[in-house]
Protein chains: 2
Amino acid sequence: MPDQSNSSHPCGNCAFYRDSIWQPVSSSCVSVLSRGFSRRDLIAGQSLYYQDDDNRGVFCVSKGLIALRTQHHDGTSTLMRLAYPGEIIGFRSFLESRPHRTEARALVGSRVCTVAQRDARHVVQGNPSVLTRLASRCIKEIDRNHERIIAAATTSNKQRLSDILLRLMETHGERTGQFLHMQLPLSRSDLADLIGVQTETVSRLFTRIQADGIFRVSGREVQMLSVPSNKKSANM
Amino acid sequence: MPDQSNSSHPCGNCAFYRDSIWQPVSSSCVSVLSRGFSRRDLIAGQSLYYQDDDNRGVFCVSKGLIALRTQHHDGTSTLMRLAYPGEIIGFRSFLESRPHRTEARALVGSRVCTVAQRDARHVVQGNPSVLTRLASRCIKEIDRNHERIIAAATTSNKQRLSDILLRLMETHGERTGQFLHMQLPLSRSDLADLIGVQTETVSRLFTRIQADGIFRVSGREVQMLSVPSNKKSANM
DNA sequence: TTTTGTAATTGACGATCATCAAAATCTTGG
DNA sequence: CCAAGATTTTGATGATCGTCAATTACAAAA
């Protein structure tokens, strides 16, 4: 059963271990969590759940990168959130007992831990502290959204795209000498849906970003000059 | 004490009555809520709390309109939320025991009901259902932010400004024959901070919106053709 | 009423983006 | 390896927005 010191746990980097919402719980619930707990590996492109699916539990990203996307009536869609390892997804649907409003799709090979809905509900019932920690995750989500709203209102598309590259480099980048490089896990279309522009604009933004000399982008291959100082770059 | 049937309660349209987070609670907490409950009238322009203030409780807008605004390091600011009657504000700061991240300023004469922090915390402690309802408000806030993010990515500034006018008309408009009219409770600068453009752009957007023939805007005076069908207008 | 400061509008111009179309590149199955 | 489809890039053009500057409208105080 989940134990902070047990590094052989199948889900090493999930909510059970890092900033967990599930611990501590009453001893009577430990076995319930143990029974209701499962994990699942997703290959790139595979979906954990789809829009309008009924909730099946509370999920935690253990490895990889999950994109949460909502489709609109007019056929377009918006990438609402990128869920990195350690983050919880599906809690809105769980708390409100409503269908998912987003599709959760793995952008790279990923691992997801699940606490089944029935068990999660049972544990929350008997452990108000779990609810408190869940509320705290909601607040975190609100804060993230606020940052995104502020960024959309105050910074340029070019800057926001740079910031996304930077964030991805931190988690997916691999050092090679003076450079960091990675396989970009998002298509141009994904990036467009994330910052709210057209795919052609993303292409052109990459051209302009490369002109600043920090990033080099070619298809899905991204290189970055690994500068020690993480100062914000100017005039964007 | 709060009682759904007591219409002479000082705060007729607040959380105690409509979609309340505070009821039901255990009988032992009723007196705590009664003691910790207070109300306050704000004139237009007055602030309920400022950015970085410590939390003093959970507030509910009873009448009027409250703007929640965050200042940025560069002197600019963003209007994060318009809180209408029945809505709760200050819950993030309360749940996380952190200073407010926004300033709450009344845009028109307003009334706000407060449950003092100590009492709110006591009631939440003994009533998990209150925490559940608070979490539900968090989800609502997340949904609102998602709508805003989607709107920013998929609709034009002109359309978003029209939508804001429409929403304000619903709550502040007064019918005169075939027209609805109101005093616009937001300055051009407020509107600019709300949709993420410059004040000059707001002026020009108003010009273009008027050209469609539904709204007439002159300073703070706004008129709207009261069409029975609330279909979305096209080509924006 | 006049003054005075603030808010709002207008103009001009350059930067950025959407749109449509076409070309180039990448990917995948045969 | 090649072909077909999908993705990405590039080009051209019109619409929209930011910026700076000047003007007009409004409102509070003298």
Side-chain angles (χ1 to χ4, degrees), chain A residues 43-45 67 72 74-79 105 107-108 151-162 164-165 183-212 215-223 234-236, chain B residues 43-45 67 72 74-79 105 107-108 151-162 164-165 183-212 215-223 234-236:
Chain A
I43 62 169
H72 309 133
D74 62 358
T76 64
S77 65
T78 302
L79 218 165
R105 184 187 306 195
L107 294 176
V108 299
T154 61
T155 73
S156 68
N157 292 328
K158 180 186 172 193
Q159 180 66 58
R160 293 213 305 287
L161 185 54
S162 286
I164 290 168
L165 283 185
Q183 283 289 111
L184 189 58
L186 296 110
S187 68
R188 301 296 190 264
S189 175
D190 287 335
L191 291 167
D193 292 343
L194 195 51
I195 63 177
V197 298
Q198 300 303 116
T199 60
E200 297 96 325
T201 301
V202 173
S203 272
R204 289 185 238 266
L205 286 176
F206 273 140
T207 307
R208 290 203 285 142
I209 286 173
Q210 285 186 98
D212 293 336
F215 288 101
R216 182 164 331 157
V217 184
S218 169
R220 294 264 180 144
E221 203 65 45
V222 184
Q223 274 200 347
N235 69 306
M236 290 218 172
Chain B
I43 62 170
H72 310 133
D74 61 359
T76 64
S77 65
T78 302
L79 219 165
R105 184 188 306 196
L107 293 176
V108 299
T154 62
T155 73
S156 67
N157 292 330
K158 181 187 170 192
Q159 181 66 59
R160 294 214 304 286
L161 185 54
S162 287
I164 289 167
L165 283 185
Q183 283 289 112
L184 189 59
L186 297 107
S187 67
R188 301 296 190 266
S189 175
D190 287 335
L191 291 167
D193 292 343
L194 194 52
I195 62 177
V197 297
Q198 300 303 116
T199 60
E200 297 96 324
T201 301
V202 173
S203 272
R204 289 185 239 265
L205 287 176
F206 273 140
T207 307
R208 290 203 285 141
I209 285 173
Q210 286 186 96
D212 293 336
F215 288 101
R216 181 162 335 156
V217 184
S218 168
R220 293 261 180 146
E221 203 66 44
V222 184
Q223 273 200 345
N235 69 308
M236 291 218 171

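Note that the coordinates shown come from a computational prediction; the quantities given were computed from them, not determined experimentally. Proteins come first, then strands; the chains are lettered A, B, ... in the order of their sequence lines, and each starts at number 1. Quick note: numbers below take in every heavy atom, side chains included, and nothing from hydrogens, waters or symmetry partners.
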Checking R188(B) side chain against Q198(B) main chain: does a donor-acceptor pair fall under 3.5 Å? no

Among dC17(D), dC17(C), dT19(D), the nucleotide that comes nearest once only the side chain of E200(B) is considered: dT19(D)

How many Å lie between CD on Q198(A) and P on dG14(D), as a whole number? 19 Å

In this structure, how many angstroms lie between the P atom of dA8(C) and the CG atom of D193(B), rounded? 12 Å

How many Å lie between CG on L191(A) and P on dT9(D), as a whole number? 10 Å

Looking for any heavy atom pair under 4.0 Å, which part of the strands does T207(B) touch: base, sugar-phosphate only, or nothing? sugar-phosphate

Judged by nearest nucleotide, the residue sitting upstream toward the 5' end of DNA chain C, L205(A) or G219(A), is L205(A)

Does any N or O in the side chain of S218(B) come within less than 3.5 Å of the main-chain N or O of E221(B), such that one atom is a donor and the other an acceptor? no

For the side chain of R188(A), counting heavy atoms from C-beta on, which of dT8(D), dT10(C), dC17(C) is nearest? dT8(D)

Assign I195(B) to base, sugar-phosphate, or nothing according to its heavy-atom contacts below 4.0 angstrom with the strands shown. nothing

How many angstroms lie between atom OG1 of T207(B) and atom NZ of K158(B), to the nearest 0.5 angstrom? 11.0 Å

Ignoring backbone atoms, establish whether N157(B) has a side-chain N or O less than 4.0 Å from OP1 or OP2 of dT16(D). no

Starting from the C-alpha separation in whole Å, work towards a yes-or-no answer on side-chain contact (heavy atoms from CB on, under 4.5 Å) for V197(B) and L161(B). CA-CA 11 Å; V197(B) 297; L161(B) 185 54; over 6 Å; no

For D190(B) and dT6(C), what is the distance between atoms CG and C1' respectively, to the nearest whole Å? 14 Å

Closest to side chain of T201(A), choosing from dT9(D), dA18(C), dT10(C): dA18(C)

Under 4.0 Å between a side-chain N/O of R208(B) and OP1 or OP2 of dC17(D), yes or no? yes

Heavy atoms under 4.0 Å, any strand shown: does S187(A) hit a base, just sugar-phosphate, or nothing? sugar-phosphate

Rounded to whole Å, please give me the gap between CG in L186(B) and C1' in dA8(C). 15 Å

Contact under 4.0 Å: R220(A) side-chain N or O vs dT27(C) OP1/OP2: no

Among dG18(D), dT10(C), dA18(C), find the nucleotide with the atom closest to the side chain of S203(B). dT10(C)

Find the distance Q159(B):CD to dA15(D):P and express it as a whole number of Å. 19 Å

Answer with base, sugar-phosphate or nothing: what part of the nucleic acid does L184(B) contact at a heavy-atom distance below 4.0 Å? nothing

Using a 4.0 Å heavy-atom cut-off, does R204(B) contact any base of the nucleic acid, only the sugar-phosphate backbone, or nothing at all? base

Separation of atom CD in Q183(B) from atom P in dA8(C), rounded to whole Å: 12 Å

Would you check, one step at a time, whether the test side-chain contact (heavy atoms from CB on, under 4.5 Å) holds for V217(A) with I209(A)? CA-CA 9 Å; V217(A) 184; I209(A) 286 173; 5.7 Å; no

Could you check L191(A) against L184(A) for side-chain contact (heavy atoms from CB on, under 4.5 Å), going step by step and ending with a plain yes or no? CA-CA 10 Å; L191(A) 291 167; L184(A) 189 58; 3.9 Å; yes

Within this structure, what is the CG-to-P distance between L161(B) and dA8(C), rounded to whole angstrom? 13 Å

